[in-house]
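Positions are given from 1, in the same order as the sequence printed here.
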Amino acid sequence: MLLIYTGHGKGKTSACVGQAVRAMGQGLTVAFGQFMKRDGQAGEQRMLAQWLGERFLAGGQGFLRREEERPAHRAAALRVLAWAREQLEAADMLILDEAIYALGAGILERKEVEGLLAEARAQNRHLVLSGRNAPDWLIRAADLVTEMGEIKHPWRAGVKAVRGIEF
């Protein structure tokens, strides 16, 4: 199956982590990659690394903020993509956090995502993608799409990110 977690609300990465835990609890082999996040940025990374070992990769450069950073982001995305393809050989479920952000930012190309989807389907693997602004073609290809919608968030009131909640 292709599962998508998208939308402007908080919880996409948390949904991916929950999906990983559920799959592992059913005996599935899970690989979890992060396109945008650098290693050591968020609490889930410590646990995923502990649970998954080499099947976890936080290979990003952070979120793209300046155009001159694009080549480094692209190179990092290609490394994560290559790692992801390798993981499809053994993992029952491949989760790629912020892959949709990378796609929307032009760091990943549509043909690369379509190719990965085709490989996952050919190998009968579950693929989970997250990130804001999932394109229509990806939504049509998906089996399950969940949109996270923000109703209220403390940062709008000036509250800084809270350890254990946002990271």
Got a second to check how far [X]'s [atom1] is from [Y]'s [atom2], nearest 0.5 Å?
X	Y	atom1	atom2	answer
Gln45	Thr13	CD	OG1	9.5 Å
Glu69	Ile107	CD	CD1	9.5 Å
Glu86	Leu81	CD	CG	10.5 Å

Would a hydrophobic clustering, with Ile, Leu, Val, Met, Phe, Trp and Tyr connected at side-chain separations under 4.5 Å, put [X] with [Y]?
X	Y	answer
Leu2	Leu144	no
Leu57	Ile95	no
Trp137	Ile100	yes
Met148	Leu103	no
Leu96	Val17	no

Handout entry: Derivation and outcome, side-chain contact (heavy atoms from CB on, under 4.5 Å), residues Thr6 and Val145
Key = CA-CA 7 Å; Thr6 192; Val145 179; 4.2 Å; yes
Would you call [X] and [Y] a side-chain contact if the rule is heavy atoms closer than 4.5 Å?
X	Y	value
Phe32	Gln87	no
His153	Val159	no
Leu116	Leu88	yes
Trp155	Glu150	yes
Trp51	Met24	yes

Practice task
Could you check His126 against Leu28 for side-chain contact (heavy atoms from CB on, under 4.5 Å), going step by step and ending with a plain yes or no?
Solution key: CA-CA 10 Å; His126 300 297; Leu28 275 67; 4.0 Å; yes
Problem - Any donor-acceptor pair under 3.5 Å from Arg125 side chain to Met93 backbone - result: no
Practice task
Give a yes or no on whether the backbone of Ala23 and the side-chain of Gln26 come within a donor-acceptor separation of less than 3.5 Å.
Solution key: no
Exercise for the section: Determine, using ring centers only, whether Phe63 and Tyr101 are less than 6.0 Å apart. Expected result: yes
Closest contact, heavy atoms only, [X] versus [Y]:
X	Y	result
Cys16	Ser130	SG-CB, 3.6 Å
Gln61	Ala76	CG-CB, 3.6 Å
Ala31	Trp83	CB-CH2, 4.1 Å
Gly7	Glu147	CA-CG, 3.8 Å
Met36	Leu64	CE-N, 4.1 Å

Handout entry: Intermediate values then yes/no, side-chain contact (heavy atoms from CB on, under 4.5 Å), Leu3 and Leu127
Key = CA-CA 6 Å; Leu3 288 72; Leu127 181 61; over 6 Å; no
Problem - Working for side chain to side chain donor-acceptor pair (under 3.5 Å), residues Tyr5 and Gln19 - result: CA-CA 11 Å; Tyr5 297 111; Gln19 193 68 62; 2.8 Å; yes
Problem - Check against side-chain contact (heavy atoms from CB on, under 4.5 Å), Phe35 and Leu108 - result: CA-CA 10 Å; Phe35 270 94; Leu108 279 179; 3.7 Å; yes
With a 4.0 Å cut-off, would you call [X] and [Y] a salt bridge?
X	Y	answer
Lys160	Glu166	no
Arg110	Glu114	yes
Arg74	Glu109	yes
Arg85	Glu119	yes

Handout entry: Any pair counted as salt bridge (charged side-chain N to carboxylate O under 4.0 Å, His left out), so long as it reaches residues 16-39, sequence neighbours left out
Key = Lys37-Glu44, Lys37-Asp97
Handout entry: Other residues, nucleotides, ligands: >12 heavy atoms within 6.0 Å of Arg121 CZ
Key = yes
Practice task
Return yes when atom CG of Asp143 has more than 12 non-hydrogen atoms of other residues, nucleotides or ligands closer than 6.0 Å, and no otherwise.
Solution key: yes
Handout entry: Qualifying residue for side-chain hydrogen bond (donor to acceptor under 3.5 Å, both in side chains) with Arg70, from Glu68, His73, Glu67
Key = Glu67
Practice task
Could you tell me which residues satisfy salt bridge (charged side-chain N to carboxylate O under 4.0 Å, His left out) with Lys152, sequence neighbours excluded, listed by chain and number?
Solution key: none
Practice task
Starting from the C-alpha separation in whole Å, work towards a yes-or-no answer on side chain to side chain donor-acceptor pair (under 3.5 Å) for Glu98 and Gln34.
Solution key: CA-CA 6 Å; Glu98 297 295 357; Gln34 293 183 312; over 6 Å; no
